[in-house]
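Beneath this line is the structure, given in structure tokens, with notes to follow.
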Amino acid sequence: MQHFIGNARQHPSGGQHIPVLDPSTGEAFGQIARGSAADIDQAVAAARASLGERYDGPWGGVSAAARGRLLQRFSVAVTAHADELAQLEARDTGKSLKTARADVSALARYFEFYAGAADKLHGQTLPYEPGYLVATVREPHGVTGHIIPWNYPMQIFGRTVGAALAAGNACVVKPAEDASLSSLRLGELAAEAGFPAGALNIVTGYGAEAGASLCEHPDVDHLSFTGSTATGQRVAEAAARRHCPVTLELGGKSPQLVFADADLDAAIPVIINAIVQNAGQTCSAGSRLLVERSLYETVLERLVERFQALVAGPPALGLDMGPLVNRKQFDHVGRLLAQAQADGLRVAARGQLHPQAASAGFYQPAVLFRDVPSQHPLAQQEIFGPVLVAMPFDDETHAVRLANGTAYGLVAGVWTRDGARQLRIARALRCGQVFINNYGAGGGVELPFGGVRSSGYGREKGFEALYGFTVLKTIAIRHQ
Ligand code: NAD
């Protein structure tokens, strides 16, 4: 697979490629282009040309309503290619076909939502001194750079690229080197749907090469990054050097708080899904379980039974989990687990490996740890694997202190029937989304999403993302 620039496949200028590995076997089944600064330069130039110097180019001159119609056509095309896209993603990332299908639906829904929103991005008129009419207009940044991770390539494509295109930006996307195939295919589908050349460009390659070049390019007007905290810091530093605005979505260590009055029948399956989904490689995974002491043993008993029945195996078998995405991630999770056990942490339950899981695949069965000290790395670091750490709390104050007690702040789940407590806790938690008696609210594309502190800043999804992909300009007209 080559880059997709200006609606055409482009060979990498350096002539080099990166093998594409199947995580369920560890074997190569293709290759992608290894992008360089020259390739990024070409993509940025194509994006700029599509906008035109005065937003009069083939993409810059398209009306908001017509942009919306194009996004809608793309959404329909994605749905029409759902099977193909899901299979491609499952093979490339190791995620189960079920999760890959859900990702395709979410991608189509993002473009549907932003299609409808494109011509509803209003400015305001402002009361001012007599003799003036003052208006604000929302304009696109221009060329936007999108750095996408490997865990939910299509969903993250949908929520950043969909919003950016709806707002009238031209995009350069750098997908993760471990999961580029779906983005490349989406570039082709966008061209077929009628997006003019240069509106959407995909350059593949390594983060330190193509990714860093995108961040440093002087003609990129906005950066949107999803990935690890350490890389996010590098991206923000590069952006700061040239005063480029940036949105960072960096993951978390999100808690689920279970109070003694919780409806456990409702809570238990949701708690499990929140850590098992995508084999735990989810930025908003519910990876810490905080339970009121009087209910702690009951909850653990129920979880142990369920965890022991969880099966990891080949994506095509439709099991609870597929393999982790790559060797690096597999080793990273393995190291954290080995350290936890060397430190004497207690494993309460372990899931199973399917007999058809190849030994060379990157499979990690689910693990439940109990009584984990709140300051232990297992309770503090993002593991990005199917590992849940449980600990008890004594009262509301203790629960909130534990919940807020990591460097992260992305999402939290609260399980209680007490309405006043629901609100007290929701307001006390330092994070971007709080879910009461649910977790994730079905992933609604309408719901602004993002973090605080080490989970990043800026908001994706909903109208907030659209605002983030625009610059507000104030125009004051003196008419007397
Ligand atoms: P990463 O942050 O290094 O990679 C994410 C994206 O950034 C990829 O497209 C990568 O090519 C790019 N990138 C890497 N270095 C870059 C640079 N210097 N400049 C610009 N772009 C660069 O993530 P990883 O190393 O693949 O995964 C490691 C950890 O990241 C995981 O264990 C997990 O904790 C975390 N992670 C979080 C998310 C999330 O959704 N928040 C997603 C993936 C990974």
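Order of appearance sets the numbers: ligands from 1, and atoms from 1 within every ligand.
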Would you check if the side chain of Gln364 reaches a backbone N or O of Gly385 as a donor-acceptor pair within less than 3.5 Å?
no
Pairs under 3.5 Å, nitrogen or oxygen of ligand 1 with protein nitrogen or oxygen:
| from | atom 1 | to | atom 2 | distance (Å) |
| --- | --- | --- | --- | --- |
| ligand 1 | 2 (O) | Ser228 | N | 2.8 |
| ligand 1 | 2 (O) | Ser228 | OG | 2.7 |
| ligand 1 | 2 (O) | Thr231 | OG1 | 3.2 |
| ligand 1 | 3 (O) | Thr231 | OG1 | 2.9 |
| ligand 1 | 9 (O) | Ile148 | O | 2.9 |
| ligand 1 | 9 (O) | Lys174 | NZ | 3.2 |
| ligand 1 | 11 (O) | Lys174 | NZ | 2.7 |
| ligand 1 | 11 (O) | Glu177 | OE1 | 2.6 |
| ligand 1 | 11 (O) | Gly207 | N | 3.3 |
| ligand 1 | 25 (O) | Lys328 | NZ | 2.6 |
| ligand 1 | 26 (O) | Trp150 | NE1 | 2.6 |
| ligand 1 | 32 (O) | Gln329 | OE1 | 3.0 |
| ligand 1 | 32 (O) | Gln329 | NE2 | 3.3 |
| ligand 1 | 34 (O) | Glu382 | OE1 | 2.8 |
| ligand 1 | 40 (O) | Asn151 | ND2 | 3.2 |
| ligand 1 | 41 (N) | Gly227 | O | 3.3 |
| ligand 1 | 41 (N) | Gly251 | N | 3.2 |

Name every donor-acceptor pair, under 3.5 Å, that has one atom in a side chain of residues 205-214 and the other anywhere in the protein, sequence neighbours excluded.
| from | atom 1 | to | atom 2 | distance (Å) |
| --- | --- | --- | --- | --- |
| Glu209 | OE1 | Arg34 | NE | 2.9 |
| Glu209 | OE2 | Arg34 | NH2 | 2.6 |
| Ser213 | OG | Glu209 | O | 2.8 |

Pi-cation contact, Tyr152 with Lys95 (under 6.0 Å, within 45°):
yes
Is NZ or CZ of Arg159 both nearer than 6.0 Å to the six-membered ring centre of Phe449 and within 45° of the ring axis?
no
Determine which pairs satisfy side-chain hydrogen bond (donor to acceptor under 3.5 Å, both in side chains) with at least one residue from residues 308-329, sequence neighbours left out, and list them in order.
Asp178-Asn326
Filter on side-chain hydrogen bond (donor to acceptor under 3.5 Å, both in side chains), then keep only pairs touching residues 429-458, sequence neighbours left out; what's left?
Arg109-Glu446
